[in-house]
Amino acid sequence: MSDPIDTPFRPRIFSGIQPSGGLTLGNYLGALKRFAALQGGAAETVYCIVDLHAITVWQEPEQLRARIREAAAAFMAAGVDPAQSVLFNQSQVSAHAEMAWLFNTVARVGWMYRMTQFKDKAGKNTENVSLGLLAYPALMAADILTYQATAVPVGEDQKQHLELTRDIAAKFNHDYGVNHFPITEPLIEGVATKVMSLRDGSKKMSKSDPSDASRINLTDDADTIATKIRKARTDADPLPGQMEGLKDRPEARNLVNIFAALSDQTPDQVLARFEGQGFGAFKPALAEVAVEALSPITRRMSDYMADPAQIDAILAEGAERADAIATPILERTKEIMGLLRTRR
């Protein structure tokens, strides 16, 4: 075992999204808007398009390349500035894959089988899914810990992922008698960190829902956004003055949370404005707020997507910056584990 090492951890935030295409209002409010807001603070911000995670299930290559660029465009259109944050796609920084293998030797198989995402995606077909789908949590931990990230912005439904990363970090530190990896903290803050379907308030808004009316896409135009909000499922009761009154009204609660998040208010502030009113008054106001917030993002995404070479150049530069952070941490990890290092 190594001697205990007191490693100071620079404040650093890491997060990423999969290039799965069809980014929605849920992606914006639950991730992209928050990513932009975290820039410029005490912590360095590192944001990643996790394309290696995407290929745990089959991807058509040309479509995947387009979706990587689309995700990068969405990051920047939502306000992530490549000059303030490190923005790159995962596969360009080989430290992610190498650290993931090291973590495969630390993580336990039972941890992987307990992961909800594996159960959901594999279903009853566990013998025929890719090994990557089972082992992806080790890669996810590598994404975070390769940068010794001290915090990760996550939604409520992603806490299990971060808990496993913390388990891997704690086991590594304990096994080798070091303080090499931080026990990364979750950043769960704000309203509408989990945006629900416009057609069913018990389900998360998702691009995989068969009904396009269930979601607002970041590529929807103003008329489409207004129409979807007008047709969103609600109930006949008037709005209360406080969120407690929406406890058993999931569709109403979801729309109020969306209004609050888009307008940078609290849900109770929104309800104070609409108390006693029905959705005939609320929905047009929500549509106006949504169009005002999302239309500029849609336009900027379109502008970025018109110049794929520019996107590629931005991602390449971000990858160089990411590699400069990741490589020394990876090399120190291998040294701690007793692996020989060929010095250059």
Side-chain angles (χ1 to χ4, degrees), residues 1-16 38 42-48 50 52-53 56 86 90 93-119 122 126 131-189 322-343:
M1 260 188 206
S2 313
D3 293 329
I5 299 170
D6 184 16
T7 306
F9 300 114
R10 174 181 177 178
R12 183 175 289 130
I13 293 168
F14 178 93
S15 197
L38 290 167
E44 183 179 24
T45 46
V46 180
Y47 297 131
C48 181
V50 290
L52 294 177
H53 283 287
T56 58
V86 180
Q90 181 188 31
V93 180
S94 60
H96 287 252
E98 192 168 353
M99 187 74 86
W101 177 256
L102 301 182
F103 287 168
N104 279 342
T105 71
V106 176
R108 307 290 94 177
V109 172
W111 300 356
M112 304 303 179
Y113 278 116
R114 285 195 295 271
M115 296 301 290
T116 301
Q117 188 176 43
F118 173 73
K119 294 177 183 177
T126 55
L131 178 59
L133 188 62
L134 176 64
Y136 85 90
L139 176 59
M140 176 200 62
D143 297 336
I144 297 166
L145 297 176
T146 295
Y147 300 92
Q148 291 180 330
T150 54
V152 173
V154 294
E156 287 287 347
D157 58 334
Q158 298 167 318
K159 289 176 68 175
Q160 186 190 32
H161 298 173
L162 186 58
E163 284 299 326
L164 187 135
T165 297
R166 289 160 59 91
D167 288 343
I168 289 174
K171 189 174 189 306
F172 183 97
N173 289 345
H174 176 268
D175 288 352
Y176 291 98
V178 296
N179 185 28
H180 181 57
F181 292 120
I183 307 302
T184 310
E185 293 294 329
L187 293 178
I188 302 173
E189 55 191 22
D323 187 71
I325 300 169
T327 296
I329 296 169
L330 172 64
E331 292 302 324
R332 178 63 183 134
T333 305
K334 292 192 287 187
E335 184 179 22
I336 289 168
M337 296 180 79
L339 300 172
L340 294 178
R341 178 179 178 185
T342 302
R343 300 190 180 275

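Since we're looking at a predicted model, the values are computed, not measured.
- Nearest heavy atom pair, residue P11 against residue A42, reads CB-O, 4.2 Å.
- Contact between I329 and T146 at its shortest, heavy atoms only, is CD1-O, 3.2 Å.
- A donor-acceptor contact shorter than 3.5 Å is absent between the side chain of N173 and the backbone of N179.
- The line from CG of L164 to CZ of R108 is 11.5 Å long, rounded to the nearest 0.5 Å.
- Taking 4.5 Å as the limit, every side-chain heavy atom of Y136 sits out of range of all side-chain heavy atoms of L52.
- Taken to the nearest 0.5 Å, the OH atom of Y176 stands 8.0 Å off from the NZ atom of K171.
- The shortest non-hydrogen separation linking A138 to I168 is CA-CD1, 4.4 Å.
- Side chains of L134 and Y113 form a contact here, defined as non-hydrogen atoms less than 4.5 Å apart.
- Remark: Q148 CD to I325 CD1 distance equals 10.5 Å, nearest 0.5 Å.
- Note: M112 CE to L133 CG = 11.5 Å, rounded to the nearest 0.5 Å.
- Listed here is the closest heavy atom pair of I183 and A170: CD1-N, 3.8 Å.
- Of all the heavy atoms in A169 and F181, the pair that sits closest is CB-CB, 3.8 Å.
- Between the side chain of T184 and the backbone N or O of A149, at least one donor-acceptor pair lies under 3.5 Å.
- You'll find the side chain of M140 reaches within 4.5 Å of the side chain of P137, heavy atoms only.
- At least one side-chain heavy atom of L38 sits under 4.5 Å from a side-chain heavy atom of L187.
- Interatomic distance, L330 CG to K334 NZ, rounded to the nearest 0.5 Å: 5.0 Å.
- A heavy-atom distance below 4.5 Å is found between the side chains of F172 and I336.
- Counting heavy atoms from C-beta outward, D143 and C48 have side chains that stay 4.5 Å or more apart.
- By the 4.5 Å heavy-atom criterion applied to side chains, L145 and M99 are not counted as neighbours.
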| task | Under the side-chain contact (heavy atoms from CB on, under 4.5 Å) rule, what do L102 and L339 come out as? Steps first, then yes or no, please. | result | CA-CA 11 Å; L102 301 182; L339 300 172; 4.0 Å; yes
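- Between T105 and M337, the closest heavy-atom pair is OG1-CE, 3.7 Å.
- Using the six-membered ring where Trp is involved, Y147 and F14 have ring planes that are parallel, under 30° apart on the 30 and 60° scheme.
- Note: E163 CD to R166 CZ = 5.0 Å, rounded to the nearest 0.5 Å.
- Remark: the backbone N or O of T150 is not paired with any side-chain donor or acceptor of E185 at under 3.5 angstrom.
- No side-chain heavy atom of T56 sits under 4.5 Å from any side-chain heavy atom of L139.
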